[in-house]
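All remarks here apply to the structure that follows.
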Amino acid sequence: MNGLDLDSARKVLDSQPFSRLVGARIAAFGGGEAVLEVAVRDELRQQNGFLHGGVIAYAADNAITFAAGSTLGPAVLTGGFSVQYVRPATGRALVARAAVVHSGRRQAVVRCDLFAVGSDGDETLCAVAQGTVLSAPS
């Protein structure tokens with residue numbers, strides 16, 4: 001995604017069927033950072049009414065990969081990531097803000113903070129993730 005702008009990144013995200021299913025959108029992209037947003041709806045909740053942890057993990061994974069792709073180039077794959085859930089996510093939206101911590105020629109390490117956005121617009125940290133993204137062979 002190196003050399004791509006926000007509109008191009010949005011097209012890449014829209015080409016992912018699962019991202020369309022979840023309803024994700026990229027709000028910011030470039031310079032080693034990416035912000036991914038997901039509107040919370042009933043289909044994305046678990047049995048207690050909280051946003052499902054799998055949706056949070058998805059948002060972390062994709063935000064991490066897009067942030068790394070802005071430094072490594074478009075052919076990237078997640079090498080692995082971990083998520084630490086801080087508190088249950090409630091509200092109207094999920095925001096995943098990812099930033100490259102270190103980028104080399106073939107891999108990047110990225111941190112992602114995930115926030116639940118309430119109806120008043122206040123953000124509450126609900127998870128923290130970190131991942132490694134690798135340049136994919138052409």
Side-chain angles (χ1 to χ4, degrees):
M1 291 166 227
N2 192 5
L4 297 182
D5 59 9
L6 179 59
D7 288 335
S8 299
R10 286 177 172 158
K11 288 177 184 171
V12 170
L13 183 72
D14 192 50
S15 73
Q16 300 173 356
F18 188 75
S19 292
R20 290 194 311 271
L21 178 70
V22 170
R25 74 175 206 89
I26 293 185
F29 170 81
E33 297 183 350
V35 177
L36 187 122
E37 299 176 344
V38 176
V40 175
R41 58 186 201 275
D42 286 342
E43 297 85 359
L44 302 179
R45 298 180 195 276
Q46 45 90 295
Q47 72 278 5
N48 296 312
F50 303 123
L51 186 62
H52 194 283
V55 175
I56 295 170
Y58 153 81
D61 179 22
N62 241 4
I64 285 168
T65 304
F66 270 90
S70 75
T71 64
L72 294 174
V76 292
L77 295 170
T78 303
F81 73 101
S82 65
V83 179
Q84 301 302 312
Y85 298 99
V86 177
R87 65 181 49 84
T90 61
R92 64 176 174 82
L94 175 71
V95 176
R97 290 191 181 96
V100 172
V101 175
H102 173 77
S103 185
R105 290 185 315 121
R106 299 183 58 181
Q107 74 175 19
V109 175
V110 183
R111 176 190 163 101
C112 182
D113 293 330
L114 297 107
F115 300 90
V117 181
S119 57
D120 57 2
D122 284 349
E123 295 183 354
T124 303
L125 184 70
C126 62
V128 176
Q130 179 173 302
T132 303
V133 178
L134 309 171
S135 291
S138 309

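Both backbone and side-chain heavy atoms feed into the values below; hydrogens, waters and symmetry mates do not. Since we're looking at a predicted model, the values are computed, not measured.
Using modelled atom types, no side-chain atom of R106 and backbone atom of S135 make a donor-acceptor pair closer than 3.5 Å. Between the side chain of R87 and the main chain of L125, a donor-acceptor pair closer than 3.5 Å is present. Checking side-chain atoms of N48 against main-chain N and O of F50 turns up no donor-acceptor pair under 3.5 Å.
Considering CD of Q130 and CZ of R111, their distance stands at 8.0 Å, rounded to 0.5 Å. To the nearest 0.5 Å, atoms CG (L51) and CZ (R92) are separated by 13.5 Å. Considering OG of S70 and CG of D5, their distance stands at 12.5 Å, rounded to 0.5 Å. A distance of 9.0 Å separates OG in S8 from CG in L6, rounded to the nearest 0.5 Å. The CG atom of D113 sits 8.5 Å away from the CZ atom of R97 when rounded to the nearest 0.5 Å. Note that the SG atom of C112 and the CZ atom of F81 stand 9.5 Å from one another [nearest 0.5 Å].
Pairs passing the side chain to side chain donor-acceptor pair (under 3.5 Å) check and including a residue from residues 19-39, sequence neighbours excluded, read Q16-S19, S19-Y58, S19-N62, R25-E37.
V110 and L13 fall within the same hydrophobic cluster, defined by Ile, Leu, Val, Met, Phe, Trp and Tyr side-chain heavy atoms under 4.5 Å apart, directly or through other members. Neither L36 nor V117 shares a network with the other; the hydrophobic side chains, linked directly or stepwise wherever heavy atoms of I, L, V, M, F, W or Y lie under 4.5 Å apart, form separate groups for each. Hydrophobic clustering (ILVMFWY, side-chain heavy atoms < 4.5 Å, transitive): V128 and I56 are in distinct clusters. When the side chains of ILVMFWY residues are joined at heavy-atom separations under 4.5 Å, either directly or via intervening members, V100 and V83 end up in a single hydrophobic cluster. A continuous path of ILVMFWY side-chain contacts below 4.5 Å connects L94 to L21, so both sit in one hydrophobic cluster.
The minimum heavy-atom distance linking Y85 with G53 is given by the pair OH-O, 2.9 Å. Pairing each heavy atom of A34 with each of A63, the nearest pair is CB-O, 3.8 Å.
Each of V109, V76, V133, T78 was checked for a side chain to side chain contact (heavy atoms under 4.5 Å, CB included) with I64, and the lone residue meeting it is V133.
Classification of K11 and D14 as a salt-bridged pair fails, no side-chain N sitting under 4.0 Å from a carboxylate O.
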